[in-house]
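Comments concern the structure below.
No hydrogens, no waters, no symmetry mates; every other heavy atom, side chains included, goes into these values.
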Amino acid sequence: MSSKIPVSVLIPAKNEQANLPACLTSLSRADEIFVVDSQSNDNSVEIAKSYGANVVQFKFNGHWPKKKNWSLDNLPFRNEWVLIVDCDERITPELWEEIEQAINQDEYTGYYLNRRVFFLGKWIRYGGKYPDWNLRLFQHKKGRYENLHTEDIPNTGDNEVHEHVILQGKVGYLKNDMLHEDFRDLYHWLERHNRYSNWEARVYYNILTGQDDSGTIGANLFGDAVQRKRFLKKVWVHLPFKPFLRFVLFYIIQRGFLDGKAGYIYARLLSQYEYQIGVKLYELRNCGGHLNTATTLKQEILEQGSRGSEGKLLTIDS
């Protein structure tokens, strides 16, 4: 048996019984595993315990921090290095060997890991989905997730998803990939991205209204891969016809068509996702974040009444 590696793994979870067995099996080299659960009502907790993981319950109070930062602040890690892994991700043996060497280097305090995303059984290699760098391995006392001030948006979940880690010190890149493969069906993909679009709409709104981005990784065309993406997003939010452009960018310009049927379906879904973001952004900017409100309805009726032919103002009982 291979020896344990002095790394503490953090897994945020909720109702992940389909993904946890493969995920936890791939983490057998880790010295310590924490599954931070959000009151799952399936067998997630029992599965995690059966693999020897420590299970901690997290209850989101609607304010910062969310699950990962709360875990970094509160869990009693016995190792200096923490590896953050989602339930639908796997760490390969080759990547474990590289991690074991990397944490013994003094030059870096954290490392980016590259993800291979699988969709409908196909590695989505094109469309800008690969490489997909994520800062997941770092010295836990030196890194925290940025706050993009979106925690007050309902139906986005209790976990940091697209926020990035701000780390003290120098960051390196590992060569071997981690695998991202959700064993659930398309219903869950759509449900998840419905939540993500709420979050994205607020991020778009914050950019368009000039919200302060201090305390974040920042946007820099000449920075690292994540900062470049953040810079391009600031340009992207001002473009028209974004759903159409998202499809063209993914499927044609970034050659998503080379991933066959899976690539085409993924491109169509991303275009739909961009449309969801757009209409939710419209709702934020023009309807106060609500599809229909009593206040808006009353105001419209009052205005109609004030323009009536008899010049009478309608009254509404509150």
Side-chain angles (χ1 to χ4, degrees), residues 1-61 65-104 110-113 115-118 134-145 157-161 163 165 174 176-184 188 192:
M1 177 181 288
S2 300
S3 60
K4 296 289 185 179
I5 297 173
V7 168
S8 297
V9 175
L10 166 61
I11 307 174
K14 182 177 182 179
N15 294 332
E16 288 281 1
Q17 65 180 14
N19 285 314
L20 271 172
C23 176
L24 290 166
T25 298
S26 78
L27 300 175
S28 61
R29 295 290 307 275
D31 172 64
E32 177 181 52
I33 301 173
F34 284 94
V35 173
V36 183
D37 183 63
S38 298
Q39 297 80 57
S40 291
N41 53 27
D42 63 0
N43 294 320
S44 293
V45 171
E46 291 77 10
I47 292 171
K49 289 181 178 178
S50 73
Y51 280 84
N54 303 291
V55 177
V56 178
Q57 289 297 330
F58 172 71
K59 294 183 179 180
F60 184 48
N61 62 7
K66 286 193 171 185
K67 188 186 293 185
K68 290 176 186 174
N69 262 6
W70 179 89
S71 300
L72 292 169
D73 286 339
N74 292 281
L75 295 184
F77 299 118
R78 64 176 176 236
N79 300 292
E80 179 183 25
W81 288 84
V82 65
L83 173 64
I84 298 180
V85 181
D86 289 337
C87 294
D88 53 8
E89 294 172 340
R90 329 275 176 250
I91 305 298
T92 65
E94 295 79 11
L95 182 52
W96 271 123
E97 293 298 326
E98 192 176 5
I99 288 172
E100 185 174 25
Q101 297 177 21
I103 62 175
N104 290 314
Y111 292 92
Y112 279 101
L113 275 62
R115 296 194 310 175
R116 289 192 187 190
V117 175
F118 289 84
N134 291 262
L135 183 55
R136 297 295 193 85
L137 176 67
F138 55 93
Q139 295 175 13
H140 69 85
K141 293 182 180 179
K142 297 183 179 180
R144 291 295 182 272
Y145 282 84
D158 63 359
N159 188 35
E160 300 90 339
V161 177
E163 290 88 348
V165 174
L174 298 186
N176 290 284
D177 296 340
M178 67 190 304
L179 308 181
H180 179 284
E181 185 173 15
D182 195 338
F183 292 147
R184 298 173 299 178
H188 290 92
R192 186 169 69 248

Query - CG-CD1 distance between Asn54 and Ile33, expressed to the nearest 0.5 angstrom - result: 8.5 Å

Report summary line: On a heavy-atom basis, the closest approach of Cys87 and Ala13 is SG-CB, 3.6 Å

Query raised in the report: Within a strict 4.5 Å, meaning less than it, do heavy atoms of the Leu137 and Trp81 side chains meet?
Result: yes

**Report entry** Whether Lys68 side chain and Arg144 backbone form a donor-acceptor pair below 3.5 Å
**Finding:** no

**Report entry** Pairs involving residues 38-60, ordered by first then second residue, that meet ring-ring contact (aromatic ring centres under 6.0 Å, His included) (sequence neighbours left out)
**Finding:** Phe58-Trp70

**Report entry** Listed once per pair and sorted, the salt bridge (Lys or Arg N to Asp or Glu O under 4.0 Å) pairs that draw on residues 12-31, sequence neighbours left out
**Finding:** Glu16-Arg184, Arg29-Glu97, Arg29-Glu100, Asp31-Arg78

Query raised in the report: Under 3.5 Å, side chain of Asn15 to main-chain N/O of Ser44, donor-acceptor pair present?
Result: no

Requested in this report: Check the pair Arg115 / Glu89 against side chain to side chain contact (heavy atoms under 4.5 Å, CB included), numbers first and verdict last.
Outcome: CA-CA 9 Å; Arg115 296 194 310 175; Glu89 294 172 340; 2.8 Å; yes

**Report entry** Pairs meeting criterion ring-ring contact (aromatic ring centres under 6.0 Å, His included) with involvement of residues 19-48, two or more places apart
**Finding:** Phe34-Phe77

Query - side chain to side chain contact (heavy atoms under 4.5 Å, CB included) between Asp177 and Thr92, worked out - result: CA-CA 8 Å; Asp177 296 340; Thr92 65; over 6 Å; no

Requested in this report: Taking the side chain as every heavy atom from C-beta outward, state whether Ile47 and Gln17 have any pair of such atoms under 4.5 Å apart.
Outcome: yes

Report task. Can you sort out the partners of Ser71 under side chain to side chain contact (heavy atoms under 4.5 Å, CB included), two or more places apart, ordered by chain and number? Result -> Leu10, Val36, Lys67, Leu75

Query raised in the report: Going through the checks in order, is the salt bridge (Lys or Arg N to Asp or Glu O under 4.0 Å) test met by Glu181 and Arg90?
Result: CA-CA 8 Å; Glu181 185 173 15; Arg90 329 275 176 250; 5.5 Å; no

Query - N-O pairing of Asp158 and Lys59 below 4.0 Å - result: no

Requested in this report: Determine, stepwise, if the pair Val7 / Asn79 fulfils side chain to side chain contact (heavy atoms under 4.5 Å, CB included).
Outcome: CA-CA 6 Å; Val7 168; Asn79 300 292; 5.7 Å; no

Query raised in the report: Picking from Ile84, Val85, Asn176, Leu95, what satisfies side-chain contact (heavy atoms from CB on, under 4.5 Å) with Leu113?
Result: Leu95

Requested in this report: Scan side-chain atoms only and decide if Asp88 and His180 contain a donor-acceptor pair under the 3.5 Å cut-off.
Outcome: yes

**Report entry** Set of residues satisfying side chain to side chain donor-acceptor pair (under 3.5 Å) with respect to Glu160, sequence neighbours excluded
**Finding:** none

Query raised in the report: Is the backbone N or O of Ser26 less than 3.5 Å from a side-chain atom of Trp96, with the two atoms forming a donor-acceptor pair by type?
Result: yes

Query raised in the report: Taking the side chain from Asn43 and the backbone from Glu46, do they hold a donor-acceptor pair closer than 3.5 Å?
Result: no

Report summary line: In this structure, CD of Gln139 is separated from CD1 of Ile103 (nearest 0.5 Å) by 10.0 Å

**Report entry** Closest non-hydrogen atom pair, Leu72 against His140
**Finding:** CD2-CB, 4.2 Å

Query raised in the report: With distance as the sole test, does Tyr111 use its side chain to make a donor-acceptor pair with the main-chain N or O of Leu135 at under 3.5 Å?
Result: no

Report task. Check step by step if salt bridge (Lys or Arg N to Asp or Glu O under 4.0 Å) holds for Asp86 and Arg136. Result -> CA-CA 10 Å; Asp86 289 337; Arg136 297 295 193 85; 3.6 Å; yes

Report summary line: For Phe138, the ring pair (Phe, Tyr, Trp, His ring centres under 6.0 Å) test, sequence neighbours excluded, returns none

Query - Residues Leu83, Ser8; criterion side chain to side chain contact (heavy atoms under 4.5 Å, CB included); working and verdict - result: CA-CA 6 Å; Leu83 173 64; Ser8 297; over 6 Å; no

Query raised in the report: Of all heavy-atom pairs between Ala48 and Leu24, which one has the smallest distance, and what is that distance?
Result: CA-CD1, 3.8 Å

Report task. Measure the spacing between CD1 of Ile11 and SG of Cys23 and express it to the nearest 0.5 Å. Result -> 4.0 Å

